[in-house]
Amino acid sequence: MANQPIINHHEEAYSSLMRGLKELDLRGPCVPSDLVLIGEHAFPLAMNSRGQVLMAASLYGRGRIVVLGHEGYLTAFPALVENALTWLRGDGSDNVSVGLHHNVKSVADNLRKSSFQAEVVGAYKADLGVGVYVTDAYSVGADPKELVAFMKAGGGVLIAGQAWHWASSHPKENTLLLYDGNKVSGVAGIYFSEHHGEAEYLFVSPHIPSSWMSVVIGKDFEDDLEFLLGGISEFDLQGGLLASEVLIHGPLAFPIGTTEDGRAFLAGAYYGQGRVVVITHEGLLRRETLAPFWNNAILWLDEGRNGVVGVMPNLHDAFNLYHKSGFNCEKTHFKEDLSVFVCTAYSNDHVQEIQNFVAEGGGLLIGGHAWYWAQTHHGQNPMTEFSGNKILNKMGLSLLGKTIGEGSYKAPVPSQAIKDSYHFRHLLHRFAGHVSEGQELTAHEEECLKKLGGDCANYLHMKAHGCSSYTQVVSTLTDILKKSGMPQVSDTCPAKSPRDHLLLNVGAEVYKVCPDPDELLPYLIKNNPLMPVVYNHRVKIDVNTAEREEWVSTGLYLSHGMKTYMAIPAEIVNKGWQIQIGCQTDQLHAEELKRAPCVHERIPVTSEMMQVWNLWGGLIYLVAPPKTQVKGLEATVQMAVPAPYYKSGVTTAAEWSLLRTAPSPWAELEFDNIILTVPSDVVRDLDRPDELAALWNDMMKGIADLAVIPHKFPRKERFVTDVQISHGWMHAGYPIMTHRCTAAELVSVDHARTKGLWGPIHELGHNQQRASWEFPPNTTECTCNLWSMYVHEQVLGMNGAQAECAMEPTNRRSRTEEYVKGGKQFNKWDTFVALETYMQLQEKFGWDAFKKVFAAYHKMSNFPSDNQGKMNLYAETFSQAVGKNLAGFFKAWGWPIQTATEEKLSKLPVWSDHPMVQYS
């Protein structure tokens, strides 16, 4: 990753607030409230051994607030109060006037020797002219919004009190929203909770205090769910839509609708004095079957104001649905005088204004998914760059690139949902307790650990280092990894348990975002030997990319966690180029992991000097974007491990004799049209890479010949071997991925010429398949084998049966007979059965017929999109290429040949003695 110092901007504020304080003796008559912190700017000042926050501070607008968990602290800690007043006054302000509510006038006695001028007042008024206002939490006034406006405009507020007594005397009321102090402090993300805080003797930490025990849910949401789910039995997500999953990570966020396995598509949250509901597809906002829920949701968001529900103009059907339900609706873009605002997650407009609107009491109903954005913005971070998450992250909710399929999902029973539902914070808290104190996890919690690992990884992608809630999670996960270590997985020691999955998933992500990755590294990687390095290695950059990106090999490797600087030519900075560390780019989702799910790292090239590293190490590449042409440029890598790297036409025999002993565990052989990335041990004894190059050059020419494309590929193909891949024994793509045990075969001329390379050529064939003449799923694993057959026959001099036993004549015949006896069911016409159709054509008309067909397709456009149309076009094209009417042959195979196609071919001589006649 690129080296960007991880800075928590609140540390400086914390230092100012706690300056000169060594301890806080909270023991005594004061029983404080446990404070709940949310949002981006709230951070703890005092935290007890149970992780309860007893003092906190935050920012709002241009102003600041300090919250103490009991009013007695205003006089018990005069030095802290004076520090607080100094910080609350703001940087550079010379306003030393402090307004004190008369209920806290005793604070004035402690300020007599200070530089502040205290004025005792009856209540806050806008014309006081003070820089800081001090009050207890019970006396915020008839209109707390005035005090909020004062803070938002740059004023400082010091507020102290506890809410547990109020909550006990108002058992059916919502403490978060209705307790007086929260009407001010809650706007800034600090709430007095109904829970007692345990008062202790506390040492003042040099940094913002942190504890795994503070990663908790801040409320029991049973009453909210009772209201929201009244009369609701299920959620209808049918009808062909694809929703996103929503990650619920805030202390005051909660699931409302989930799949059976706990993935949420509907959620709510408190934010400041307001509320939010998110549904993960905007189409559901207008769904008639969900109307009863939307009624409940809008009433919950409106909080009894009976105000205007503003609906974005493009949500016309949703507007009609809510209006029909009797709400006072208005089609409008965002404005501040609404009670509830309904919008989609796809706009960057008014992000800050919407957040302030909710914080100050508004309701937000937002719909949208992030999966399409994630798929169409490759390499970008949905957690930070997707518009909806710019609004929602601070509210404790994030839309993920993961999808939720259509279906009908049961609404939870509120009392059970609180106990049984998956919640990111709750399970993280429980797992931290399990690792730290040996607390037993339930079977259900054990099962959910794998999901928690994925959620933690996504959460860490927020990179919200200035947010106390985020740093608490990072600190918690760092502690977990230090105590438990990370599984040292391999092919002989795979990770199978949900716990190991979690640790393996989060290890690399925590390493990227923790304040001191070097200190964490030994807990993650146990065996990390030092390797010899080269310095200031120059890498030539000559690329001319077509429609797709291309990796530029450097011949260099970084070991686990090893950092290096790269000097990048100015011409490619901020032009879409990336640095990639690691060649194994498959993302794994297997139940048994032989390596971490993701072991490569990509870093956008944004400056002429980049510091980069990857926990897992790996070969270093520059990734050139599509449609890029540069020549004669050079990048310099300050320090790296040399790799066995051979490049045809560049590396001499003498150079290779040394290079093949280079210490990197991965090697690359780059030929005219293909690059092989293999474990170094399989090339240590490769004496003649030039002979291997000649063979692969011939095979790649064969690939090109059959495809009727130029011998020079627009982009060299790549093979990468790995201990585990995402699917199959091998799979196509860029790169083609294959298991490590096949590496020796890829670099053996003798193996290729005696036993063949059916699998690798099969994958290269996949990369030549084109939608215009493919009939998925029937031919997906079939037509790629045309290249396997062609290369083995024409280049390697082997018949198909020698390379693949499925092509032995008896096997071919029995498959065809079985297909015919089964009634020529088209769902059985696939893989080698389907290949027989093409081989019968090849044996009659030769490979040149296929070349003519492929050449004809290169000149066509406007292809049919359905299989029937494409098959008729193929029958017609092949018939024209060979000058024979093949309609009868294809019909004998069960192809859906149309009358119109038969009429087009009627003037050509019929192929009457085709091989399928015997089965008529």
Side-chain angles (χ1 to χ4, degrees), residues 13-33 35 45-46 54-58 63-91 93-142 144 146-147 150-151 154-166 180-181 184-185 188 190 192 197 199-204:
Y14 175 81
S15 296
S16 298
L17 285 159
M18 308 309 284
R19 182 176 292 117
L21 298 172
K22 302 298 183 192
E23 69 274 327
L24 294 170
D25 189 353
L26 304 182
R27 297 171 299 180
C30 300
V31 180
S33 263
L35 304 177
L45 300 177
L54 306 180
M55 300 178 183
S58 188
R64 301 172 175 182
I65 188 170
V66 171
V67 181
L68 308 180
H70 196 284
E71 65 274 17
Y73 296 162
L74 287 170
T75 50
F77 303 105
L80 172 62
V81 168
E82 191 167 337
N83 285 350
L85 295 177
T86 301
W87 180 74
L88 290 167
R89 187 173 63 182
D91 301 328
S93 172
D94 55 4
N95 188 344
V96 294
S97 178
V98 176
L100 298 172
H101 189 277
H102 64 79
N103 285 354
V104 296
K105 61 185 178 183
S106 55
V107 175
D109 296 336
N110 292 331
L111 296 179
R112 282 177 185 154
K113 295 181 181 178
S114 75
S115 59
F116 292 101
Q117 296 173 2
E119 178 185 356
V120 178
V121 298
Y124 176 78
K125 292 180 182 176
D127 58 358
L128 281 178
V130 297
V132 180
Y133 181 72
V134 184
T135 181
D136 62 31
Y138 325 112
S139 311
V140 297
E146 285 193 10
L147 195 49
F150 163 72
M151 178 169 57
V157 175
L158 173 57
I159 184 169
Q162 49 79 15
W164 53 263
H165 182 267
W166 183 93
D180 268 7
V184 176
S185 65
I190 303 173
F192 299 90
E200 301 171 354
Y201 183 92
L202 302 179
F203 289 101
V204 173

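The chain is numbered in sequence order, starting from 1.
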Pairing residues for E82 by the side chain to side chain donor-acceptor pair (under 3.5 Å) criterion, not counting sequence neighbours: none
Smallest separation among heavy atoms of E71 and Y138, with atom names: OE1-OH, 2.7 Å
Partners passing side chain to side chain donor-acceptor pair (under 3.5 Å) against S139 (at least two apart in sequence or in another chain): N103, D136
Aromatic plane relationship, F203 with Y201 - under 30° parallel, 30 to 60° tilted, over 60° perpendicular: perpendicular
Side chains of K105 and L100 in contact at under 4.5 Å (non-hydrogen atoms): no
Gap separating the CG atom of L85 from the CG atom of L158, nearest 0.5 angstrom: 6.0 Å
Distance, nearest 0.5 Å, that separates CG of L88 from CE of M151: 10.5 Å
Within-4.5 Å side-chain heavy-atom neighbours: L26 and E200: no
Least distance between heavy atoms, G129 atom then N95 atom: O-ND2, 3.3 Å
Listed once per pair and sorted, the ring-ring contact (aromatic ring centres under 6.0 Å, His included) pairs that draw on residues 93-136, sequence neighbours left out: Y124-Y133, Y124-F150
Under 3.5 Å: donor-acceptor pair, side chain of R64, backbone of W87: yes
Atom of M18, atom of L24 and distance for their closest heavy-atom approach: CE-CD1, 4.0 Å
Verdict with supporting geometry, N110 and V81, side chain to side chain contact (heavy atoms under 4.5 Å, CB included): CA-CA 9 Å; N110 292 331; V81 168; over 6 Å; no
Side-chain heavy-atom pair I159, L147 within 4.5 angstrom cut-off: no
Nearest heavy atoms of E119 and S97, plus distance in Å: OE1-OG, 4.5 Å
Student check: side-chain heavy atoms of T86 and S16 closer than 4.5 Å: no
Over all atoms of both residues, closest heavy-atom pair of P32 and C30: CD-O, 3.4 Å
Close side-chain approach of V98 to V130, heavy-atom, < 4.5 Å: no
Polar side-chain atom of S58 near backbone of A188 as donor-acceptor pair, under 3.5 Å: yes
N83 side chain vs R19 backbone, donor-acceptor pair below 3.5 Å: yes
Nearest atoms (heavy-atom pairs only) where L111 meets A118: CD1-CB, 4.2 Å
Reported CG-to-CG distance for the pair L45 and L35, which is rounded to 0.5 angstrom: 9.5 Å
Flag side-chain contact, heavy atom, 4.5 Å: L80 against M55: yes
